[in-house]
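These numbers come from the heavy atoms of this one structure, side chains and all, not from hydrogens, waters or symmetry mates.
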Amino acid sequence: MASNTMGGFTLRDLTAQDGVVFEIGEYKDIEKEEEFSYSPHVSLTNEEALNLLNMDDFEDNENDDNNDCTRDGSCSIFGISFEELKTKMTDILGDGKIMKLVKRKGIGEKIPYDAQVIVKYLGHFEYNDEPFDSSFTRGGAETFHLNKGSLLPGLEIGITTMKKHEIAIFIVHPDLAFGRFGCAPRIPPNEQILFIVHIIDFVDNGSVETLQNLSIEEKRIFANAVRRVRAKFNTAKDCFKNKRIKQAIKEYARAIHWLEEAELKNDEEEEEFNRLLSRGYCNLAVCYNMENMPRRACSACNRVTIPSAKAHFNHGRALFKIGEYNCAMEQLQMSLAMEPNNEDTVKEIRLVNEKQRKYLEMEKKLWSNCLKTKQEGKKETLFQTAAREMCETFAKDSQLLRQPLPESLTPEEDKCIREQAAAFGLLITTHERYGREVTYLNKSNY
């Protein structure tokens, strides 16, 4: 796996005593860009970040003229002897082939041998001035399935000694890395490797697979269902973070199905059921909105048993997309009441108001032209112009999928609007809403 980094890339934040998380944004070709494109959430310049990333707490005790140290006495990774590092590390296997130093302690249980892990990492050779592999150059965290042969054996064993949020340094012997021959031309023969690993999260796939082998009756026991659901939620969350939204939808839907099949025995289980169900449907609504599927988002929000500001917000956003302005405003106002300082909700309310005023003005123009043309004997021409403007504006509006049309149109007016809609690739549909028929202008992907 190739890596592209700047010369002298050092590592203080990942090896600081208290641990510092350093995020690197989307990678750009360094032949075109002199610097990495850092995440906007990190308030550091490139130079400041590089100054933080060093290993001053591993400075050799002896004054070695060959060490590549900065003027302030700190040393970059390629100025550190692996043998010196090993004196501060723990031997995992007892044969010196995997050495470990914890730089930040984790929480919870150790990672199972067959888990799905989300990690940030760097891989270095001794005295080399750049990592030979780095997740940071590919956007930060990456997901791996252990016990599937996707990682070097030494790194995989090392990860199974870690916990969630832990940061650790490993030195792996060639026997558990690339072996005596290496992997030309990138990996030298018989090379020790230093890995710095940050565990972001993990999913215990082994537990999930064990639960899959239960009988139908055992799967319906609420305690067993909850374990499966939580694991599936974690998988869905990982898909969402990696922008695999359609897969996240499938994972959330599967988890909800398991949950709804569970048998509840007492009030405590019912409370936990409602919390998990609300979480699942709310996150499902977020995914549906991102995929421009507002009807499904509305359906998911309607099934949330414990409404939250997030649920009301996404319900309002979905209703807005399908032209239900008044209902959307009701949901957004409920969201704002629960979180009065939420800027996203305030912006969404302003957007709904703006769009509603815009389309009401077009509707008024449609009717005013109709009345005026009736007097002037030019009804078809002016009404057609107003209808075309409405259809064209709606077709270009990327935020809406459906827009209600004026009521009580004459057959001629209805025909005119349908002709204009067809010219812009739009559809006309009629639905029974609020005890009456409502005609809508729809986009083809609605």
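- In this structure, R296 has no salt bridge (Lys or Arg N to Asp or Glu O under 4.0 Å) partners at least two apart in sequence or on a different chain.
- A donor and an acceptor atom, one from each side chain of N326 and Q356, are located under 3.5 Å apart.
- Around CG of D267, the count of heavy atoms belonging to other residues, nucleotides or ligands within 6.0 Å does not exceed 12.
- Side-chain atoms of K86 and Q192 include a donor-acceptor pair closer than 3.5 Å.
- Interatomic distance, CZ of F144 versus CD of Q116, reported as 11.5 Å (0.5 Å rounding).
- No side-chain donor from either of Y281 and N314 sits under 3.5 Å from a side-chain acceptor of the other.
- Among all heavy-atom pairs drawn from Y359 and F394, the shortest one is OH-CA, 3.3 Å.
- Salt bridge annotation for E272-R230: present, with a cationic side-chain nitrogen under 4.0 angstrom from a carboxylate oxygen.
- Within a 6.0 Å radius of NZ in K443, other residues, nucleotides and ligands contribute more than 12 heavy atoms.
- Side-chain N/O atoms of Q399 and K355 include a donor and acceptor closer than 3.5 Å.
- Considering only heavy atoms from C-beta on, F178 stays 4.5 Å or farther from N190 through its side chain.
- Between Y121 and S134 there is no side-chain heavy-atom pair separated by less than 4.5 Å.
- Side chain to side chain, K100 and T161 meet the donor-acceptor criterion of an N or O pair below 3.5 Å.
- Partners of F222 according to the ring-ring contact (aromatic ring centres under 6.0 Å, His included) rule, which considers only residues two or more places apart in sequence or in another chain, do not exist here.
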Donor-acceptor contacts under 3.5 Å from residues 330-340 side chains, at least two apart:
residue, atom, partner, partner atom, Å
Q331, OE1, H312, ND1, 2.8
S335, OG, A309, O, 2.9
E339, OE1, N342, ND2, 2.8

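- Going from atom SG of C301 over to atom NE2 of H315 covers 5.5 Å, rounded to the nearest 0.5 Å.
- Side chains of N289 and K321: no donor on one and acceptor on the other come within 3.5 Å.
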